[in-house]
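As a basis for the values below, the full set of heavy atoms in this structure was taken, side chains included, without hydrogen atoms, waters or symmetry mates. Atoms within each ligand, like the ligands themselves, are counted from 1 in listed order.
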Amino acid sequence: MSVDAANPLAQELNPWLAADARFNEAAGRLAMDEGIRKILRSPSREITVYVPVLLDDGRIEVFTGYRVQHSIARGPAKGGIRYAPDVSIEEVRALASWMTWKCAVVNIPYGGGKGGVICEPSILSPGELERLTRRYTAEIIEFIGPEKDVPAPDMNTTEQVMAWIMDTYSMHMRQTVTGVVTGKPLDLGGSRGRPEATGRGCMIVTLEALARLGMKPEETTVVIQGFGNVGGMAARLMSRRGFHVIAVIEYDGAVYNAKGLDIEALLQHRKETGSIREFAGGEEIDRDQALFLECDVLLPAAKEGVITSRTAPKLNCKIVCEGANGPTTAPADHILSEKGIFVIPDILANAGGVTVSYFEWVQDRQGFFWNEDLVNQRLEEIMVNSFRDVVKYSEKYKAHNRLAAYMLALDRVAFAIKLRGLYA
Ligand code: NAD
């Protein structure tokens, strides 16, 4: 993703510039030592690999793949692998740094990493996808491992892809090593509660925000953008908890019911028809305008760059809970802050996923698996404590929540670096 200097919106949407803007602001407010700042700003390691794959028609194609380890100061690098045509080293680098801050906010013993392969997965056959995954894994094999760097699913990489990575790594090690990746199928060392974890985490931190603002779930309206893993699960769990999910926005339409949508019925409708459109339990509304509906909680759970300097002024909510990664651009941060909107930033709000990934890794290493109640209870404890830690920073430094979350994260990683000292 190259930065188009002549196009301000393209610059605003650039993930590396967004990560850098937040980093600089937080480091500045912490009056961080210049040397530590240099360490934290640069990735620890960037690997580029060229992955030859035999296609079904007999041709060989070579795909470009990356793995970036931004930091290993607090533990192994941790972060997903995405397969997409627009993957770039800049994007992977930004996402890797986000993982460092996210893991530090929830105080789990990981650094941050991210990987990606430039490809169009929708035109690859299952066999081609498997060969691509196995060869990419083999190319980065000396850099990953339960103690080094633990990949996970991201855009277009599934449980099955994780199973292939685990198997390839295990074949090289001549033993089964389940802890090399997370997001695996339950029967191969996955964790109970993982599919719901991110949506559950969103609900937990939203409940904390409501308590601070003196609001009750039964009197709270929610608009959710994206009805996939995060948005669908958040909708289900929040409506069970008494919230009124009044609108759901998808890429092909939006559905609205002022009294609250029947989320189980909408999930069923989407399963049967492949869309949320033509749902009998609500009216169809304009999907672009739906973002600006009057509501208590707006939960973007689809993609990055949704709340920008153009859309932020028009939002009509009290709380933004960022289920997606990077839904808000850096210039929009200040607009939300001026509007008095309580933002639960992505590196806190959607950290339930990586937290249960951490539980998966712990369970794999112990060879002892927890029941779902224990997973959920431990998740809740971590999310609540992290929310409160961010709020403490926000009060101490008079900073908006995103800045506070970055300051907390930078402080934790910088502390680990100072404690370890510089190996020379
Ligand atoms: P998903 O693919 O399961 O769901 C995304 C949904 O958003 C899909 O239903 C898709 O149709 C919809 N969508 C796509 N473009 C849209 C648009 N323009 N408007 C409205 N809806 C649109 O993905 P997911 O796993 O739910 O991830 C969603 C976001 O949450 C991503 O930013 C991801 O990085 C982030 N995230 C996911 C997890 C996780 O555990 N799955 C963890 C942390 C962060």
From the list Arg287, Lys303, Arg270, salt bridge (charged side-chain N to carboxylate O under 4.0 Å, His left out) partner of Glu250 resolves to Arg270
Would you mind listing each N/O atom of ligand 1 next to any protein N/O under 3.5 Å, plus the distance?
residue: ligand 1; atom: 3 (O); partner: Asn229; partner atom: N; Å: 2.9
residue: ligand 1; atom: 9 (O); partner: Glu250; partner atom: OE2; Å: 2.5
residue: ligand 1; atom: 11 (O); partner: Glu250; partner atom: OE1; Å: 2.5
residue: ligand 1; atom: 11 (O); partner: Glu250; partner atom: OE2; Å: 3.4
residue: ligand 1; atom: 18 (N); partner: Arg287; partner atom: NH2; Å: 3.3
residue: ligand 1; atom: 19 (N); partner: Arg287; partner atom: NH2; Å: 3.3
residue: ligand 1; atom: 21 (N); partner: Tyr251; partner atom: N; Å: 3.3
residue: ligand 1; atom: 26 (O); partner: Asn229; partner atom: N; Å: 3.2
residue: ligand 1; atom: 26 (O); partner: Val230; partner atom: N; Å: 2.8
residue: ligand 1; atom: 30 (O); partner: Gly323; partner atom: O; Å: 3.4
residue: ligand 1; atom: 32 (O); partner: Asn325; partner atom: N; Å: 3.1
residue: ligand 1; atom: 34 (O); partner: Asn325; partner atom: ND2; Å: 2.9
residue: ligand 1; atom: 40 (O); partner: Arg194; partner atom: NH1; Å: 3.4
residue: ligand 1; atom: 40 (O); partner: Arg194; partner atom: NH2; Å: 3.4
residue: ligand 1; atom: 40 (O); partner: Thr198; partner atom: OG1; Å: 2.6
residue: ligand 1; atom: 41 (N); partner: Asn229; partner atom: OD1; Å: 3.3

Look at Glu139 together with Arg134 and state whether they make a salt bridge at an N to O cut-off of under 4.0 Å. no
Pairs satisfying ring pair (Phe, Tyr, Trp, His ring centres under 6.0 Å), at least one member in residues 109-129, at least two apart: Tyr110-Tyr358, Tyr110-Trp361
With distance as the sole criterion, is a donor-acceptor pair present between the side chains of Glu12 and Thr329 under 3.5 Å? yes
According to side-chain hydrogen bond (donor to acceptor under 3.5 Å, both in side chains), does anything in residues 227-246 pair up with another residue at least two apart or in another chain? List the pairs. Arg236-Glu264
All ring pair (Phe, Tyr, Trp, His ring centres under 6.0 Å) counterparts of Tyr393, not counting sequence neighbours: Tyr397
